[in-house]
Number of protein chains: 2
Amino acid sequence: MPVTIHDVAREAGLSINTISRALNGKPDVNAATRERVLATAHRLGYVPNQAARSMVTGRTGTVGLMVTDPANPIYARLLSGVEAVMRRAGYSLLLYNSGEDPAQEQAGVRSLRQSRVEGLLAVPAPGPPAGSTLAAAATELPVILMLRQVPDSPLDSAGWDNDAGARLAVQHLLALGHRAIGYVGQDLPVSSVRVRHAAYRAALVEASVSPRPEWEAHVRLAAAGAYTATGELLDRAPQLTALFVANDVLAPGVLAAVRRAGRRIPHDVSVVSFGDLDVAAYADPPLTTVHAPVREVATAAAERLLARIRQPELAAPGAPPWRFTAMPYLVVRESTGPAVTTTTPHLPGESP
Amino acid sequence: MPVTIHDVAREAGLSINTISRALNGKPDVNAATRERVLATAHRLGYVPNQAARSMVTGRTGTVGLMVTDPANPIYARLLSGVEAVMRRAGYSLLLYNSGEDPAQEQAGVRSLRQSRVEGLLAVPAPGPPAGSTLAAAATELPVILMLRQVPDSPLDSAGWDNDAGARLAVQHLLALGHRAIGYVGQDLPVSSVRVRHAAYRAALVEASVSPRPEWEAHVRLAAAGAYTATGELLDRAPQLTALFVANDVLAPGVLAAVRRAGRRIPHDVSVVSFGDLDVAAYADPPLTTVHAPVREVATAAAERLLARIRQPELAAPGAPPWRFTAMPYLVVRESTGPAVTTTTPHLPGESP
DNA sequence: TTGAAAGCGCTAACAA
DNA sequence: TTGTTAGCGCTTTCAA
């Protein structure tokens, strides 16, 4: 249906070969001829057929991007960063949403392989078996994991240091004198969540505080779930003077629940979050949060993928996988403050 | 490089034709043969080449999605909704970000046409000339505009009623007794922004309030810009008792600026926003906002595109374009309250 | 029920 | 500098 190279050839009175050469900027084309070809192609509205081109070149100029929830601000930013790098490199982006579902992930990999994407950037869905689909895909094309690690995976991956980031948050609270520090995180069996949770516990232990299950809330849904779960948490463990919220998307719900419980932030309860989305800076009070360098990860992953596409030998068999780990850092705002010691009698003249 | 249908044919001792028929579920294939083909294909890890298939069928099974900023939560949701519909229909999604730049939009359309997308869903970039690239594309393939209208465009489009939505917001403030109502909106020459702005003014006029330019702030960047601009606005027009914020992404900045100016919400300044993103529900105070039915628009646009792909005759030449207009509705939360009349003396016993 | 052959639109040898 | 030809992997007639 659309205009083909034959149409241009006929119209310009040349062979299809010459059209192809002229349009692709190949040498050995008379300047005047090239001019004429370009003009004719433009006049006819000719746009080359990528599929036909791919058939012969073996290259599709397309990479796949698989995320688990494109509406999540973190993935939206990730997508935005990846898209920018790929567009500049002349690659198209085929998007697929696994929705945290391994079966969808498998379907997505198949779909993307049908499209002969030259590489794949993926946030792995939870298992079981975690990462097996992506590992299988990696035998056929370059695959870069993003944000979540798969245990013992030989695949390239880019992310940030969830352990260090979570410790930063908890240590900040400890340094302020807090001991009864609660945890609010997602209930997802993926590495990023697990690592932050483990780091929270480890940081407590290192400060000689025993982690307690009843100080923790694991929520399924985002903001709404966090609201409910935090309310229950504060009922269950009223002694908590601080909360580590493992993900910014939960933070608004947590803040609302704390206020609903009649506790002031940070005076009664300090809150540190993880992510540093826009919401953190403009929450009330502005959230102290661990900045997650999303853009950095997106750019690094995308560029690594481009490098692997261009130099397949980068992934020598048996060579250790490439790993990019961005360092999160703490952004102190106004949702954290010194622990108010309620067991110590107030000094004279001190306000309650 | 990958396994081809020939490899499967050789391995199974059949012709490529039979392989194709068996794999595509065509009739007239012996059950045992089909079984053998499927097993062989699976064993070899055969995945059909979509490009080759497209060459002969003329269908690519791909649609294009062009947005102006995938990191914006509204577009992220839109993308998510579109992806869901397309995935269920067996279509792949090719993503392109115009970044509000008409030149990029043009490059994107070209790229997507090279990929022979069967249809295009697009949030039009601002002009000039607004929509000309998309209008040109529409002569070649089904195009559905989303969220923004292009004046006098013959293209199908889906969005919500920005005029009604903005009026809902302003009338809510008027009904609460506010008269000095300010406006904070983006500085983007696109219909959605313009319509909300015009509706704000119209609603004031209809209530016999003269709109004043000094009551308005038009900001370039999102939250950060809103913070600064709102601060200036409140300095310039301290008499404002309410603000209509034309876009949720600006709201956090506005709230922060209002607080920074020492004004309480809603006691001193009421705030209504537009969008109803997560941020609105969990802001402090929870934002009264006009709910923008993003998912509804995404679904409607995607389904319309599918319908047009399947039945090209839906777009009869000269027929009026399809238009889907979802109705926004007001969600009253806690950021709005009655106007406190400072010029009227307090009644005895009334609290200040 | 299966096979042979044509051809989708294009690029890349190779010839002229 | 330009034209001719082969063929990428697949589906679709048409024959067997």
Side-chain angles (χ1 to χ4, degrees), chain A residues 1-38 40-41 44-62 90 110-111 113-118 140-141, chain B residues 1-38 40-41 44-62 90 110-111 113-118 140-141:
Chain A
M1 195 67 193
V3 180
T4 74
I5 198 170
H6 287 99
D7 300 325
V8 180
R10 183 167 4 87
E11 194 73 10
L14 291 161
S15 74
I16 61 167
N17 175 325
T18 304
I19 309 299
S20 176
R21 299 183 64 78
L23 257 30
N24 288 311
K26 295 288 169 68
D28 299 338
V29 177
N30 181 295
T33 305
R34 168 166 284 142
E35 207 58 39
R36 186 152 53 97
V37 169
L38 261 45
T40 308
L44 264 42
Y46 170 70
V47 178
N49 182 322
Q50 180 61 45
R53 185 175 273 176
S54 299
M55 293 249 41
V56 29
T57 62
R59 298 188 50 253
T60 57
T62 302
R110 187 180 165 87
S111 166
R113 287 194 54 206
Q114 285 206 184
S115 296
R116 295 294 189 268
V117 293
E118 294 180 40
E140 306 296 328
L141 77 171
Chain B
M1 194 62 195
V3 180
T4 73
I5 198 171
H6 287 99
D7 300 325
V8 181
R10 184 166 6 85
E11 194 73 9
L14 292 161
S15 74
I16 60 167
N17 177 329
T18 305
I19 308 299
S20 176
R21 300 183 62 78
L23 257 31
N24 288 311
K26 295 287 169 69
D28 298 339
V29 177
N30 183 295
T33 306
R34 167 165 285 139
E35 209 55 39
R36 184 152 54 96
V37 169
L38 261 45
T40 309
L44 264 41
Y46 171 70
V47 177
N49 182 324
Q50 180 60 45
R53 185 174 274 177
S54 300
M55 294 250 38
V56 28
T57 63
R59 298 188 50 251
T60 58
T62 302
R110 189 181 164 84
S111 166
R113 287 194 53 205
Q114 285 206 185
S115 297
R116 294 294 188 269
V117 293
E118 295 181 38
E140 307 295 329
L141 78 171

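Note on naming: letters A, B, ... go to the chains in the order of the sequence lines (proteins, then strands), and numbering restarts at 1 for each one.
The main-chain N or O of Lys26(A) is never found under 3.5 Å from a side-chain atom of Asn24(A) such that the two would form a donor-acceptor pair. Between the side chain of Gln114(B) and the main chain of Pro48(A), no donor-acceptor pair closer than 3.5 Å is present.
For DNA chain D, the residues of residues 22-33 of chain A within the heavy-atom distance limit of 4.0 Å (strictly under) are Asp28(A), Val29(A), Asn30(A), Thr33(A), sorted by number.
Under the side-chain hydrogen bond (donor to acceptor under 3.5 Å, both in side chains) criterion, Ser54(A) pairs with Gln50(A), not counting sequence neighbours. Taking the side-chain hydrogen bond (donor to acceptor under 3.5 Å, both in side chains) definition, one finds that Arg59(A) meets it with Tyr91(A), sequence neighbours left out.
A straight line from CZ of Arg34(B) to C1' of dT1(C) spans 11 Å, rounded to a whole angstrom. Rounding to whole angstrom units, CZ of residue Arg59(A) and C1' of dC10(C) are separated by 15 Å. One interatomic measurement links the two molecules: CD1 of Ile19(B) to P of dA4(C), which rounds to 13 Å at whole-angstrom precision.
Contact record, Tyr46(B) with Leu23(B): CE2-CD2, 3.4 Å, taken as the closest heavy-atom pair. Minimum interatomic distance between Leu44(A) and Asp7(A) (heavy atoms only, all atoms of both residues): CD2-O, 3.9 Å. Shown here for Ala22(B) and Leu38(B), the closest heavy-atom pair between the two residues is O-CD1, 4.2 Å. Heavy atoms only, all atoms of each residue included: Leu141(A) and Val117(A) are closest at CD1-O, 3.3 Å. When every heavy atom of Ser115(B) is checked against every heavy atom of Thr60(B), the shortest pair comes out as O-CG2, 3.7 Å. Summarising the geometry of Thr40(B) relative to Ala12(B), their closest heavy-atom pair is OG1-CB, 3.9 Å, with the distance given to 0.1 Å.
Protein chain A contacts DNA chain D from dT1(D) to dG9(D), reading 5' to 3' and using non-hydrogen atoms of the protein with a distance under 4.0 Å.
Note that OG of Ser20(B) is 7.5 Å distant from CZ of Arg53(B), once rounded to the nearest 0.5 Å. Here CD1 of Ile19(B) is found 5.0 Å from CG of Leu14(B). Values are rounded to the nearest 0.5 Å.
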Taking N or O atoms only and anything under 3.5 Å, show me the protein contacts with nucleotides 5-9 of chain C, one pair per line.
from	atom 1	to	atom 2	distance (Å)
dG9(C)	N2	Ala52(A)	O	3.2

Thr62(A) and Arg116(A): CA distance, side-chain angles, deciding distance, side chain to side chain contact (heavy atoms under 4.5 Å, CB included) verdict
CA-CA 8 Å; Thr62(A) 302; Arg116(A) 295 294 189 268; over 6 Å; no

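For the helix from dT1(C)-dA16(D) to dA16(C)-dT1(D), the rotation axes defined at the first and last 5 base pairs enclose an angle of 40°, given to the nearest 10°.
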